[in-house]
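A short worksheet on the structure shown next.
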Protein chains: 2
Amino acid sequence: MSDTSHRRERLRERTLTEIKDLARAQLVASGPSGISLRAIARDMGMTAAALYRYVPALDALVIELCTDLHNEVRIACEAARDADPDPDPVRRLLVMARELRRWALEHRPEATLIFGPPLPGVEQFHQQCDDLQCAGAQLGQIFVAPLLELWQAGRLPRVPHVDLDRLAGALPAHGELPIEVTAVFLTSWIRLYGVLAAELFGQLTWAATDTEPLFEAELAFFAAQVPPTAAAAAAPSAATLNESRPQDRPEPASL
Amino acid sequence: MSDTSHRRERLRERTLTEIKDLARAQLVASGPSGISLRAIARDMGMTAAALYRYVPALDALVIELCTDLHNEVRIACEAARDADPDPDPVRRLLVMARELRRWALEHRPEATLIFGPPLPGVEQFHQQCDDLQCAGAQLGQIFVAPLLELWQAGRLPRVPHVDLDRLAGALPAHGELPIEVTAVFLTSWIRLYGVLAAELFGQLTWAATDTEPLFEAELAFFAAQVPPTAAAAAAPSAATLNESRPQDRPEPASL
DNA sequence: CAGCGAAAGTAAACACCGTTCACTCAAATG
DNA sequence: CATTTGAGTGAACGGTGTTTACTTTCGCTG
């Protein structure tokens with residue numbers, strides 16, 4: 001019956017999660033390159049070949065681990081956002097960004113895996129990631145949402161230095177987002193990623209031992225860019241709520 | 001005689017560079033994890049054990065490769081800087097930053113090795129890197145120099161969102177640099193690193209296919225922050241040339 | 001309930017990898 | 001010339017991913 005076969009499937013899924021749990025334990029213990037099918041099988045009291053009943057290859061296991069971690073950090077950020085009663089989009093962005101950093105520093109090996117360079121063979125993952133369903137995109141998406149709110153409220157920060165026309169030509173097809181929102185998201189996300197990755201990869205050990213002031217400065221800078229709620233109406237150009245607000249972008253400074 | 005022994009040393013150094021060249025070729029071909037002593041020995045027509053006469057371990061070889069690459073990209077940036085006649089520090093910074101990006105994108109595997117997370121066993125390298133002699137610090141240093149020039153000219157951008165007191169407590173001992181210069185360098189360096197690393201590690205493949213507009217926007221933003229030369233005297237507070245210019249930092253916005 | 005068939009697991013093998021040890025051989029040194 | 005030093009070899013140990021053929025176990029069905 002389907003009932004008993006469900007049992008089988010449940011058993012199968014149970015061992016599969018056991019595999020992934022052990023893989024994560026190895027990731028934590030020995031870094032991304034420390035994940036080993038043979039060691040997992042050893043810990044499970046099995047043969048390495050048996051794992052191939054559950055996982056097509058080591059790369060695929062790492063890829064699955066990557067998506068799981070992406071989802072985990074996204075859920076953590078969502079939880080932090082929902083735990084804060086303040087509905088202000090800026091506040092939400094800051095809360096989520098701090099949670100992102102907290103999670104990354106508390107799970108350095110995991111964060112290194114998903115934010116670092118793709119391991120050989122895992123590159124296909126990042127390339128197949130260009131649809132919104134991808135876990136990585138979903139993580140970014142929860143930061144896009146508050147920006148969209150800001151845009152709808154006419155409070156989107158200006159990004160006068162971004163060549164919007166050129167950027168628009170470099171976006172994937174699924175760009176139903178206003179180009180200004182995309183530009184603000186990308187610049188802010190990149191800065192968030194930069195301070196996080198630099199800390200995570202020890203790129204600043206020679207220059208600074210504590211990068212939290214730099215992280216907080218990045219957040220403060222972003223927050224300062226957002227016009228306050230009251231100023232939305234005080235803006236000279238009519239910033240209506242739901243209409244596309246054409247950004248007045250000055251001539252790009254010749255460099 | 002010392003003459004003949006010098007010949008021996010030269011031979012030794014020649015094979016050592018051959019080893020490193022082959023290691024780099026493997027890095028280019030197969031990524032950081034593709035560097036293999038056995039493959040190097042195979043390419044050289046030798047036994048893997050013979051390589052241990054020249055290199056104590058694989059990790060050490062990778063570390064040496066790292067420092068070589070750090071020096072290479074630094075020299076490339078210096079060359080680009082010196083090729084430009086404009087002595088303006090801002091111009092020099094932009095030229096060097098663009099060269100850094102150009103080098104990284106033209107040598108993606110190498111850039112991934114030095115800008116990505118340290119391989120297990122190579123972490124000690126980044127930790128021993130906290131003295132200025134380190135190649136990584138030297139690379140950063142060539143970006144510090146123009147900032148120091150700007151500071152001396154009273155043109156240093158303000159970083160009102162950085163908690164300078166806390167940052168000062170998180171700096172290594174060798175901080176003979178004014179704290180404002182350090183703050184500007186760190187924030188700018190992190191942003192430069194972020195846009196580069198995000199592109200290098202494919203973190204944005206789902207969001208954008210061409211990140212050059214974002215990179216150029218970061219540069220333009222930095223340049224726009226620097227007060228023009230003429231405005232140095234027009235600044236309200238006396239910005240004398242060589243004196244420490246106490247930065248007027250407003251209350252950090254409560255977030 | 002017996003038996004069939006699919007799923008799960010095993011053993012062995014292949015081709016790699018880093019590293020070590022004992023050994024040879026040639027070359028530089030005294 | 002004898003000797004010491006350095007370079008290189010070959011084999012081995014333990015580790016890795018992956019495949020193949022084989023065996024066992026367990027659920028379903030006749």
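If you're wondering where the values come from, they're calculated on a predicted model, not measured in any experiment. Residue numbers start from 1 in every chain, and the chains themselves are labelled A, B, ... in the order their sequence lines are given, proteins ahead of strands.
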### Message
Check whether A/Y193 forms a cation-pi arrangement with B/R191 (NZ or CZ under 6.0 Å from the six-membered ring centre, at most 45° off the ring normal).
### Response
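Not flagged: B/R191 not positioned over aromatic ring of A/Y193.
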Quick check: do [X] and [Y] have side-chain heavy atoms less than 4.5 Å from each other?
{"X": "A/L192", "Y": "A/F215", "value": "yes"}
{"X": "A/T182", "Y": "A/L147", "value": "no"}
{"X": "A/L113", "Y": "A/V62", "value": "yes"}

### Task
Round to a whole Å and report the spacing from CZ of A/R42 to C1' of D/dT16.
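Rounded to whole Å, this separation is 10 Å.
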### Query
Rounded to the nearest Å, what distance is computed from the CG atom of residue B/L51 to the P atom of nucleotide D/dG10?
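Roughly 14 Å, once rounded to whole Å.
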Taking N or O atoms only and anything under 3.5 Å, show me the protein contacts with nucleotides 20-23 of chain C, one pair per line.
none

### Query
Would one find a side-chain N or O of B/T47 under 4.0 angstrom from OP1 or OP2 of D/dG8?
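So the side chain of B/T47 is outside the cut-off, no N or O lying under 4.0 Å from OP1 or OP2 of D/dG8.
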### Message
So, using side-chain contact (heavy atoms from CB on, under 4.5 Å) as the criterion, who are the partners of B/R74 when residues are at least two apart?
### Response
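Partners of B/R74 under the side-chain contact (heavy atoms from CB on, under 4.5 Å) test: B/N71, B/E78, B/Q138, B/L139, B/I142.
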### Axis bend over the full length of the helix from C/dC1-D/dG30 to C/dG30-D/dC1, computed from five pairs that close each end, to 10 degrees
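About 10° separates the two local helix axes.
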### Message
For a quick check of understanding: with a heavy-atom distance under 4.0 Å over all strands, which category does A/I40 fall into, base, sugar-phosphate or nothing?
### Response
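Counting heavy atoms under 4.0 Å across all strands, no contact is made by A/I40.
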### Query
What pair of heavy atoms forms the shortest contact from A/R166 to B/P213, and how long is it?
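Taking A/R166 first and B/P213 second, the nearest heavy atoms are CG-CG, 3.4 Å.
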### Options C/dC17, C/dT10, D/dG17, nucleotide nearest the side-chain atoms of A/A50
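When the side chain of A/A50 is considered, C/dT10 is the closest of C/dC17, C/dT10, D/dG17.
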